[in-house]
Amino acid sequence: MKCEFCRLPLFSNLLGTVYRRGNLNFTCDGNSVISPVGNRVTIFDLKNNKSDTLPLATRYNIKCVGLSPDGRLAIIVDEGGAALLVSLVCRSVLHHYHFKGSVHSVSFSPDGRKFVITKGNLAQMYHAPGKKREFNAFVLDKTYFGPYDETTCIDWTDDSRCFVVGSKDMSTWVFGAERWDNLIYYALGGHKDAIVACFFESNSLDLYSLSQDGALCVWQCDTPPEGLRLKAPTGWKADLLQREEAEEEEEEEEGQREITIRGKATPAEEERKGKVKYSRLAKYFFNKEGDFNSVTAAAYHKKIRLLVTGFASGIFHLHELPEFNLIHSLSISDQRITSVAINSSGDWIAFGCSGLGQLLVWEWQSESYVLKQQGHFNSMVSLAYSPDGQYIVTGGNDGKVKVWNTLSGFCFITFTEHSSGVTGVSFTATGFVIVTSSLDGTVRAFDLHRYRNFRTFTSARPTQFSCVAVDSSGEIISAGAQDSFEIFVWSMQTGRLLDVLSGHEGPISGLCFSPMKSILASASWDKTVRLWDMFDSWRTKETLTLTSDALAVTFRPDGAELAVATLNSQITFWDPENAIQTGSIEGRHDLKTGRKELDKITAKHSAKGKAFTTLCYSADGQSILAGGMSRFVCLYHVREQILVKRFELSCNLSLDAMEEFLNRRKMTEFGNLALIDQDAGEEDGVAIPLPGVKKGDMSSRHFKPEIRVTSLRFSPTGRCWAATSTEGLLIFSLDAQMLFDPYELDTSITPGRVREALHQQEFTRAILMAFRLNEKKLVQEVLEAVPREDIEVVSASLPELYVEKALEFLASSFEVSRHLEFYLIWTQKLLMSHGQKLKPRYLIPVFLQKSLQRHLDDLAKLCDWNRYNLRYALAISKQQGVKRPLDLRGVEDDGGASDEDSLHLLGGAGDEPTATAAPDCLG
C-alpha cells in the first residue's frame, strides 16, 4: 500500500520558541503580535488564542520587520541584508531584494506610499510596492546622508511629509520625504549616548529623542506641518528630466533615478534664516543618581501620549508625555528587554527578551498579562505526543518540562522540578501523566489534572538517567543509566524500585516498551540490544548483536518489528519474537551533513562520524522517520527499504554546519575569518559583563549553534510529525493550509454549477463538485445546505474517497464553526455508513477525537459553572422563601448531569463555547 506521507507533508507550525531577536509588531486591529523567531515569523492571535508560523524562511536570522499601514504587506529583512516582501493575506513571498548591507530598522510611511530603511550611516527611502503587479517592487527614491555613525531608529509624521532618524553618534536628524523649501537638514544634539528611539508628536513636527543613557529630550518646532513649502521645480529638476530622456534605455533597467541628499551637522546662520527651527524645551532623566540602567528599547503611542521604555535589567517604565509623569514601573524579566511595541488602541504592550526567548503582552490599565510565553532557552532534547495528539511535551537541557497545545501552539504549563537537563519524556496511555528522566538522578511523574509532581523515582546510589520508557498499562516505569550501565524499574502505584536490570557493558542509549506485550527493549553502546520480559522475573529474553554502538531503538505500533539505529549510520530491522534481522538501511549518504566553519576536514569525511540518533515509526507502521546530526530528516519505506523523502528542517545560515562547502572568501593564509568574533564588545553581544564594566564586555563571545535533530515523533492521528531541533519544535502536517488546492478539476466544475446543483436539490453531485473545486467556503455552503433529514441518505451515497475528504473538512470545521450539533450529525452518519471500510487504513477515531475533545472540555467547564450558579440561586431562593419558577430536577441532583441535560442548560448544542483564558506559561 502506498504510504500516505508520500503526499508531501508541508511545514505547519513552529513551537517551543516564541521570540529570538528583532522588532515586534502589532497588526492593524491590535489583536495579534508578529514575532520574528530565528529565520521565521510567527503570528500570535491573542483574541482567538492561537499561534501560526508563516510558511517562509529567510537565509539568516531576521533582524527587523516592517508592517504596511493596511496590514497586508510586510518587509522582512535578515542579518545579511536580504529582504522578503510578504503578503500576509495569502501567506506567500511576493518579491526578493537585497539591500547590500546590514539593515537596522525599516518603517512604512503612514500613507503606505514610501518606506525608509536605516543602513550604515545613511537612510534610504524607497517607493512602497502598490496593489498592481510590478517588475521591480522596490525602487530607490532618495538616499539621505548626515549622521557619522550607524543609524538606529525611524519615525514618521502623521501626514508622511517628514521622518526622523536617530544615530549612534548621539544626533537626531529630521528629513523630508519631499524637497521642502523651508526645511534644512541638520543635527539635533543634547545627548551623551547613542539614540535608542525618536518619536514625532501627533499632527506636529515636535519630537522626542531618547538615548541609551536614559536621557529624554523634548524638541519643539516653530512651524506646523502645513507650513512646509514645496521647493519650486527649477534647474536641477529640468536637468534631471533631460538626463532621463537621454538615457531612457538605462533608466528602464535601473528604475527611477536615485536622489542623494546630504545634511549638515552645523549649518551657517544665513542658511537657517526663514527655515524650520527646533528648540529644546526640556530634558528628563530615567536613571537616578548613582544608578545606571541603560535603555534598550522604547515605543510611543501618539494618541494617548504613552511612552514605554525597556531597560537592560528587565524593568520597563510607563510615562505620560510631555509632562514625563511616571504611571508605573515593573520588572518582567532578569534579562534585557530587546523590543517593545504598543497596539493601535494603546491597551496592550508587547515585550521581547532575546536572552531567554521571552514574549510578553501586558495590559497596563488592568496590570495583568494577556500573554506570557517563554521557550526553552537551551536546546530541546526530547518530545512526546499525548495519545489523542492534542498535546506535546518537550524536555530541554535547561531542566524544564513544557507542555504545548497543538491546536493553539501555546505552552500552558511548565514544570521546573528538575535541577539538571531533561533527557527523556513520555506520556502514559491515559494521557494525563507525564514521566521524565534527567541527569539530576531522578525520574519524575507529573499530573496534568493538578499540575504537580506527584511521584519522584530515585536509585539506591546517585546515577544519571539517559532515557525513560513507560509500558502500555502505565504501571511500570523504566529508566536507563549512562554511568552505571543499569536499567531501573519502578512501580507507578507505589513508587518503589522493583528491580535493577544488569547485563549491559556500556551506557544505555534508548529504551522502548512493546505496545502489545510486556517486553522492554534496551539499546546500549556495547553493540547490543537486549529484550527483557517484564513478567518472567525480569530476565533477558533475547540479546541482539549489532555491528556498531546502538543509539536509538523503537517498536513498530503493532509490536511485530523492532528498529535500531547504530553508530555506523545504519538502521536495522529485527523480528523480536525470533530475534532475526529482517532488513537494514544504509543512511550515511542520506544524512548529507554539513561542514562546520572551524572543521579541518571536508563534509564528506566528517559524515563518517555522523549517524541517526532518533527513530520513529509512522502511525500505520509502513514508514520510519530518522534524524540525527544533520539538518535533514529522512523518511524511509520499511518494506521496500528505500528513501521516500528527505525533509530539510532549516535553511538558516546563522546556524553552524549548514553548508557542505566553506566560503573561500573567508579563508586566509592565517586561518578562517570565523575565528574572529566581529560582535565582541557590542551592546547586543554582552552576555555576562565583568565587574565594574558598564557597557561592553570584551570577554563575551558569540558562537553559532550547530544544527541537529534531537527527537522525532509521529502524531497518533497519523496526519503530522514533530521534530525537536536547534531551530525549535517543528511540526510537518498533511493538513497544512492551502488557499487553493483543487482535485481532479475540469472546466465543467465552477461555483455556479455547484450552486445550480444545490438549487435542484442534487446534494450528492453538489458535494462531489465542491470537493473537486476544494474551496473551503464553498464546501461549507454545500454541506450546510443539506437538510438534516437527508444527511443519512447523502452520506451513504458518497464515494469512499470523498468520505475521507468530508471527514477531514468536518474535523477542521469543529474548530471554527458554531454548528456543532449539525456537524456531529454529519460525522455520525458518515462513520456509520463507511466506518468499517475506512477503519483498516484510516485513523478516523483518533483524527476526530483531537477536534472533539476541545469542545467537550469547554462545554464541560461551562456546564459545571452553570450548574453551580443555578444551585447557588436555588439555595438563595429557598432561604428567602421565594417559590421556584423553574423545575430544575437535574440541577438539584448532587450527581453528575448527563450531556443532554448540560446542553439544554446551555440553550442548545450549537452555541459557541466561551474563550479560554490567555495562556500563562513563563518558566
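Owing to the predicted nature of the structure, the values given are computational and were not obtained by experimental measurement.
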Considering only heavy atoms from C-beta outward, does the side chain of Val41 approach that of Ile34 to under 4.5 Å? yes
Student check: side-chain heavy atoms of Leu768 and Leu798 closer than 4.5 Å: yes
Contacts of Phe427 that satisfy ring pair (Phe, Tyr, Trp, His ring centres under 6.0 Å) - sequence neighbours left out: none
How about CD on Glu792, more than 12 heavy atoms from neighbouring residues, nucleotides or ligands closer than 6.0 Å, or not? no
For Arg631, is there any backbone N or O sitting under 3.5 Å from a side-chain donor or acceptor partner on Glu648? no
Does a side-chain heavy-atom distance below 4.5 Å link Val779 with Leu773? no
Taking Ser623's backbone N and O only, do any of them form a donor-acceptor pair with Ser618's side chain (distance below 3.5 Å, no angle check)? yes
Is the closest basic N to carboxylate O distance between Glu781 and Arg755 below 4.0 Å? yes
Hey, can you tell me if Trp721 and Phe647 have their rings parallel, tilted or perpendicular (30° and 60° cut-offs)? perpendicular
Under 3.5 Å donor-acceptor, Lys402 side chain and Gln374 backbone: yes
Side chains of Thr726 and Leu649, heavy atoms from C-beta outward: is any pair under 4.5 Å? no
Sorted by chain and number, sequence neighbours left out, ring pair (Phe, Tyr, Trp, His ring centres under 6.0 Å) with Phe115 holds for Phe108, Tyr126, Phe138
Donor-acceptor pair, distance only, cut-off 3.5 Å: does the side chain of Asp388 make one with the backbone of Gly431? no
Quick one: does Asp70's side chain have a donor or acceptor within less than 3.5 Å of a partner on Arg72's backbone? yes
Rounded to the nearest 0.5 angstrom, the CZ-CG distance for Phe732 and Leu712 is 10.5 Å
For the atom pair OG (Ser32) and CG (Asn48), what is the distance rounded to the nearest 0.5 Å? 7.5 Å
Please name all residues satisfying ring pair (Phe, Tyr, Trp, His ring centres under 6.0 Å) with Tyr391, sequence neighbours left out, ordered by chain then number. Phe412
Has Arg646 got its NZ or CZ under 6.0 Å from the middle of the six-membered ring of Phe632, at an angle within 45 degrees of the ring axis? yes
Heavy-atom check, side chain of Trp826 versus side chain of Ile791, under 4.5 Å: yes
Can any side-chain N or O of Ser51 pair as donor or acceptor with the backbone N or O of Ser408 at less than 3.5 Å? yes
Please step through side chain to side chain donor-acceptor pair (under 3.5 Å) for the pair Asp347 and Ser345, ending with a clear verdict. CA-CA 6 Å; Asp347 296 328; Ser345 63; 3.1 Å; yes
Verify, without hydrogens or angle tests, whether His819 (side chain) and Phe822 (backbone) share a donor-acceptor contact under 3.5 angstrom. no
Donor-acceptor contact present, side-chain Thr406 to main-chain Gln390, <3.5 Å: yes
Say you draw a straight line from CD of Glu363 to CG of Asn343; how long is it, rounded to the nearest 0.5 Å? 9.0 Å
Hey, could you give me the CG/OG1 distance between Leu67 and Thr27, rounded to the nearest 0.5 Å? 7.5 Å
Rounded to the nearest 0.5 Å, how far apart are NZ of Lys63 and OG1 of Thr58? 13.0 Å
Does Ser795 form a side chain to side chain donor-acceptor pair (under 3.5 Å) with Ser833? I'd like the steps, not just the answer. CA-CA 7 Å; Ser795 299; Ser833 302; 5.6 Å; no
Residues Thr710, Thr724; criterion side chain to side chain donor-acceptor pair (under 3.5 Å); working and verdict: CA-CA 6 Å; Thr710 53; Thr724 55; 2.7 Å; yes
Under a 4.0 Å threshold between the charged nitrogen and the carboxylate oxygen, would Arg91 count as salt-bridged to Asp52? yes
Measure from the side-chain N and O atoms of Asn23 to the backbone N and O of Val65, and report whether any donor-acceptor pair falls under 3.5 Å. yes
Taking Thr614 for its side chain and Gly627 for its backbone only, find out whether a donor-acceptor pair lies under 3.5 Å. no
Rounded distance (nearest 0.5 Å) linking atom CE of Met769 with atom OG1 of Thr750: 7.5 Å
Measure the shortest side-chain to side-chain distance between Pro787 and Phe763 over non-hydrogen atoms and say whether it is less than 4.5 angstrom. yes
Heavy-atom side-chain contact between Gln373 and Tyr19 under 4.5 Å: no
Check the pair Tyr385 / Thr717 against side-chain contact (heavy atoms from CB on, under 4.5 Å), numbers first and verdict last. CA-CA 10 Å; Tyr385 267 101; Thr717 62; over 6 Å; no
